[in-house]
Student: 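Here it is, the structure, as structure tokens.
Only this structure's heavy atoms are used, side chains among them; waters, hydrogens and symmetry mates stay out. Every chain is numbered from 1, with letters handed out A, B, ... down the list of sequences.
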Protein chains: 2
Amino acid sequence: MKNPIADLNKIFDSRIRLGVMSMLVVNKEIGFNDLKQMLELTDGNLASHLNTLEQAEFIKVHKGFIGRKTNTTYSITDLGRQAFKAHLDALEKMIRKL
Amino acid sequence: MKNPIADLNKIFDSRIRLGVMSMLVVNKEIGFNDLKQMLELTDGNLASHLNTLEQAEFIKVHKGFIGRKTNTTYSITDLGRQAFKAHLDALEKMIRKL
DNA sequence: ATATTTAACTTTGAAAAACAAAGTACTTTT
DNA sequence: AAAAGTACTTTGTTTTTCAAAGTTAAATAT
């Protein structure tokens, strides 16, 4: 037997980062406030998790406007999609026995 | 939309506890050393994660012998099986979109 | 024109979690 | 008698998480 958790990605140990990714997999862009409300987070907390995902280049940020109001949105990168899929595959392999 | 991470169980945020549970789901009993080797952990670290799972009554411990040598094994409880399944269901719901 | 609000952060600091290393008690093997 | 294995507990450090407050800049309300 081999270590069943070795292939899990440390970045996705966090439920919040997992939640962000799961949302970005199906929505090409999501706004900061939408994420904040959906995941019920303080802005500081959300911002720091987003920063972790950005550092890993799993997501990228778009600073734009709605009318003349600033609007920041996030989207998943190809690398992020790959890494997320790999993580889910590892998870599934781990629990396929069920 | 509703918060996609709200139904995840905090106890299973840890990859190690997730690994332990995934092993106990398919093996009715696993020894301390087997867990330790499989998950590549120090005994202190493993013991404390096992303790967390025990406190939650997700696993139970059996102190026995192999011959005249002490042997501690762990098994999943009904509650543990339920909770683990609920967690996996929540995870799956979160990512079914893929 | 001034004040308040909103957006999207950054900084600070505290609390919690994870972890390794060492120590313990007891037994077994050499 | 000495060394090694089992299953921890204790101690202390490091890492992670998080909330709260502060910041900057623009928008809206008064």
Student: Mind checking B:S14 for me? I need base, sugar-phosphate or nothing, with any heavy atom below 4.0 Å counting as a touch.
Tutor: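 It contacts sugar-phosphate atoms only.
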Student: Is atom CD of A:E29 surrounded by more than 12 heavy atoms (other residues, nucleotides or ligands) closer than 6.0 Å?
Tutor: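 Yes - once you tally the heavy atoms of other residues, nucleotides and ligands closer than 6.0 Å, there are more than 12.
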Student: What is the distance, rounded to the nearest whole Å, between atom CG of A:L39 and atom C1' of D:dC18?
Tutor: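 It is 15 Å, rounded to the nearest whole Å.
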Student: Pick the nucleotide of DNA chain D nearest each of B:G31 and A:G44; which residue has the one closer to the 5' end?
Tutor: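 Going by which nucleotide is closer to the 5' end, it is B:G31.
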Student: Return the OG1 to NZ distance between A:T73 and A:K63, rounded to the nearest 0.5 Å.
Tutor: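 Here the rounded value is 9.5 Å.
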Student: Applying a 4.0 Å non-hydrogen cut-off, can you work out what A:R17 is touching in the nucleic acid: base, sugar-phosphate, or nothing?
Tutor: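 Here A:R17 touches the backbone only, sparing every base.
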Student: Using whole Å, report how far CG of B:N45 lies from P of D:dA7.
Tutor: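 Atom CG in B:N45 sits about 16 Å away from atom P in D:dA7.
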Student: In terms of side-chain heavy atoms of B:H49, which of D:dG5, D:dA7, C:dC19 is nearest?
Tutor: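 For B:H49, the side-chain atoms sit closest to C:dC19.
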Student: NZ of A:K36 versus P of C:dA7: gap in Å, rounded?
Tutor: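 Value for this atom pair: 7 Å.
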Student: So, B:T72 and B:H62: side-chain donor and acceptor under 3.5 Å apart, yes or no?
Tutor: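 Checked: B:T72/B:H62 side chains show no N/O donor-acceptor pair below 3.5 Å.
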Student: Expressed as a whole number of angstroms, how long is the span from A:F65:CZ to D:dA27:P?
Tutor: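 One finds 8 Å between P of D:dA27 and CZ of A:F65, rounded.
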Student: Taking CG from A:L46 and C1' from C:dT11, how many angstroms apart are they, rounded to a whole number?
Tutor: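 Nearest whole value for this atom pair: 17 Å.
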Student: May I ask you to evaluate whether A:T72 reaches the phosphate of C:dC9, defined as a side-chain N or O under 4.0 Å from OP1 or OP2?
Tutor: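 Result: yes.
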Student: Quick one: label B:I16 by what it contacts on the DNA or RNA (base, sugar-phosphate, nothing), any heavy atom closer than 4.0 Å.
Tutor: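 If one applies the 4.0 Å heavy-atom cut-off, B:I16 turns out to touch the sugar-phosphate alone, with no base involved.
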Student: To the nearest angstrom, how far is A:K69 atom NZ from C:dA7 atom P?
Tutor: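 Rounding to the nearest Å, NZ of A:K69 and P of C:dA7 are 5 Å apart.
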Student: Looking at C:dA8, I'd like to know if its phosphate oxygens (OP1 or OP2) sit under 4.0 Å from a side-chain N or O belonging to A:Y74.
Tutor: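 So the side-chain polar atoms of A:Y74 never come under 4.0 Å of the phosphate oxygens OP1 or OP2 of C:dA8.
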Student: Is there a side-chain polar atom (N or O) of B:T42 under 4.0 Å from OP1 or OP2 of C:dC19?
Tutor: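 Looking at the OP1 and OP2 atoms of C:dC19, neither is under 4.0 Å from any side-chain N or O of B:T42.
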Student: Measuring to OP1 and OP2 of D:dT6, would you say a side-chain N or O of B:N71 lies under 4.0 angstrom away?
Tutor: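 No, B:N71 has no side-chain N/O under 4.0 Å of OP1/OP2 on D:dT6.
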Student: Could you tell me whether B:K63 contacts a base, only the sugar-phosphate backbone, or nothing, with contacts defined as non-hydrogen atoms closer than 4.0 Å?
Tutor: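 Contact class for B:K63: sugar-phosphate only.
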Student: For the pair made of CD1 in B:I30 and C1' in D:dA7, what is the distance, rounded to whole Å?
Tutor: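 Atom CD1 in B:I30 sits about 17 Å away from atom C1' in D:dA7.
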Student: Expressed in angstrom and rounded to an integer, what is the separation of A:L41 atom CG from C:dA8 atom C1'?
Tutor: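 Going from A:L41 (CG) to C:dA8 (C1'), I get 14 Å.
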Student: Return the 5'-most residue of the pair B:T70, B:D43 with respect to DNA chain C, ranking by each residue's nearest nucleotide.
Tutor: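 Nearer the 5' end of the strand: B:D43.
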Student: Show the numbers, then the answer: is there a ring-ring contact (aromatic ring centres under 6.0 Å, His included) between A:F58 and A:F84?
Tutor: CA-CA 9 Å; A:F58 289 173; A:F84 192 55; 9.2 Å; no
Student: Looking for any heavy atom pair under 4.0 Å, which part of the strands does A:N51 touch: base, sugar-phosphate only, or nothing?
Tutor: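 No contact.
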Student: For the pair B:H49 (side chain) and B:I16 (backbone), establish whether a donor and an acceptor sit closer than 3.5 Å, ignoring hydrogens and angles.
Tutor: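 Side chain of B:H49 to backbone of B:I16, a donor-acceptor pair under 3.5 Å: no, none is there.
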